[in-house]
Peer 1: 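The following block contains the structure, expressed as structure tokens.
Letters A, B, ... are given to chains in the order of the sequence lines, protein chains preceding strands, and every chain is numbered from 1.
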Amino acid sequence: MNVQQKTYTIFELNNEIGQILESSFPNLVWVRGEVSGFDKQKNNRHIYFQLQEKHPDRDEVISVIPATLFNSDLRKIRQKLQEANVGTDLKDGIEVRVLVKVDVYPPHGNYKLIIRDIDTAFTLGKLAKTREMIIQYLKSKGLLDRNKKIPLPLVPQTIGLITQINSEGYNDFLNKLRESDFAFKIKFYNSSVQGEKVESEVCDALDYFGTQKNVDVIVITRGGGSKTDLSWFDNKKIAEKIAFLQTPVLTGIGHSTDYTITDMIACFSQQSPSAVATFLVDRVRDFLQNIDEISVTITHSAQNYIRDILQELKEMETQITRESQVFLQKSKEEIDRVWTDILSYCKYFFKNIRDTINNYKSNIDDLDPINTLQRGFSITRVDGQAIKSINKVRKGKNIITIVSDGEIKSTVNLTKKLI
Amino acid sequence: MSEEQISYNEVLDELKAILEDIRDQNIDVDKLATKVKRARELINICEQRIKKAKMEVEEVIKNSSKQEVGKKERMD
């Protein structure tokens, strides 16, 4: 080993590396990467965190670089983020494009990026793009409407609540339920509502409630926050979990203007945690009111029905009374008529018999010669024989003529033949 | 079968048969008086039956009116 060769002290080496780096990057440069380790320091005056790059296809960090945000730059960046409506702060997991100074700190022998500015449009674009990709994916798999097709129970009583304990979303939701007169049963699963743990913890909670058979609805709540805060709920895995659940999911994430992918895929989404509670209370109240109305309707219908059939019976009774009287009257008239007919036919019977007898009598009378004599006919006899021809008498013969009241004796004077 | 057991319609049928016989003179003179007497008996039976039925109907109506009044009083 040649001791004449230049030997650096540690400081000299670090110093020289620093100079080389500074001469290579004399100006500020734009760098894009994912924020990491920021959240745990976010309340510090200066923030020391990392920018990292992940494998494009896998959730694997392939390169990391330390980064520093000094207070003055931090305030400027926070201001810009707020004005761009990205949110009030940076956070772990989001992608940023930042203007940096590559810096080496010789005493520690490390290099880092001093962040000076941020491209807010880039972050917003990234968030929007990520969100859009998730939506398209869910749409292509037909998952967007799956949970919406699950019927919501008429009376959701047992609620599986997913949120962070004692958070705004937790308290607002429960307070609103307690204000109602209804006894909701709450099963609670504590979960982060911000940060990298949101995905895994919300998914675990969904898995847990998905296996509970007596949970009527699952509710996910979170209080208001910036777009980047709420963007934790623009999450593909959470969306997929909800889509494949057999229990309806209700969400109340953020405030009125926020609409995350979790909201989009849920069975019903409300504008805030308390709005979800109100929705559930109203649903139970509506059901009870509906029951009351149905009960009143049934009572009225039953009363009307009874009144109608009583009326019908009454009419039938009147009709039967009237008809039975008519019937009896007709029966009476009928037998009266029969008796009249019998008497009338009896008279006719006797008259007929009398007429027949009279007829016989008349015929018999006609045969009696006395009756003939009384009508002017007479019988003339000669020698005791009735004369029927002039040939039976001669001139001078004595004859006897019998009339109705006696005999006439005479002598034949002349006989003359009629024509 | 006694006459108490004979139905009204059977009585009426016998009566009509007698009427028909007399009308058609399909009857012996000697038996006419007997037939007329029988007809009168049958008519009496019919009248009694009608009277009885009428009374029973009136009784039912009377009872039903009483029940109506009772019901109304209870409701009041």
Peer 1: Determine the option with the most heavy-atom pairs under 4.5 angstrom with chain B, choosing from Q325(A), Q329(A), K332(A).
Peer 2: K332(A)

Peer 1: How long is the straight-line distance from CZ of R49(B) back to OG of S331(A), given to the nearest 0.5 Å?
Peer 2: 12.0 Å

Peer 1: Should we say atom NZ of K35(B) is surrounded by more than 12 heavy atoms from elsewhere, each under 6.0 Å from it?
Peer 2: no

Peer 1: For chain A, which residues from residues 25-34 of chain B have at least one heavy atom closer than 4.5 Å to it?
Peer 2: Q25(B), I27(B), V29(B), L32(B)

Peer 1: Would I335(A) and Y8(B) count as a side chain to side chain contact (heavy atoms under 4.5 Å, CB included) here? Give the steps.
Peer 2: CA-CA 11 Å; I335(A) 57 164; Y8(B) 180 89; 3.8 Å; yes

Peer 1: Quick one: OG on S324(A) to CD on E58(B), what's the gap to the nearest 0.5 Å?
Peer 2: 9.0 Å

Peer 1: Residue by residue, which of residues 341-355 of chain A have a heavy atom closer than 4.5 Å to a heavy atom belonging to chain B?
Peer 2: D341(A), I342(A), Y345(A), C346(A), Y348(A), F349(A), F350(A), N352(A), I353(A)

Peer 1: Suppose a student defines contact as a heavy atom less than 4.5 Å from any heavy atom of chain B. Which residues in residues 379-387 of chain A would they list?
Peer 2: none

Peer 1: Output the residues of residues 283-309 of chain A for which the shortest heavy-atom distance to chain B is under 4.5 Å, in residue-number order; output 'none' if no such residue exists.
Peer 2: none

Peer 1: Sort out for me which residue in L15(B), L42(B), L19(B), V36(B) forms a side chain to side chain contact (heavy atoms under 4.5 Å, CB included) with W339(A).
Peer 2: V36(B)

Peer 1: Can you establish whether the number of heavy atoms outside K148(A) located under 6.0 Å from its atom NZ is more than 12?
Peer 2: yes

Peer 1: Which answer fits K51(B), side chain, backbone, both or neither, if we ask what part of it has an atom under 4.5 Å from a heavy atom of chain A?
Peer 2: neither

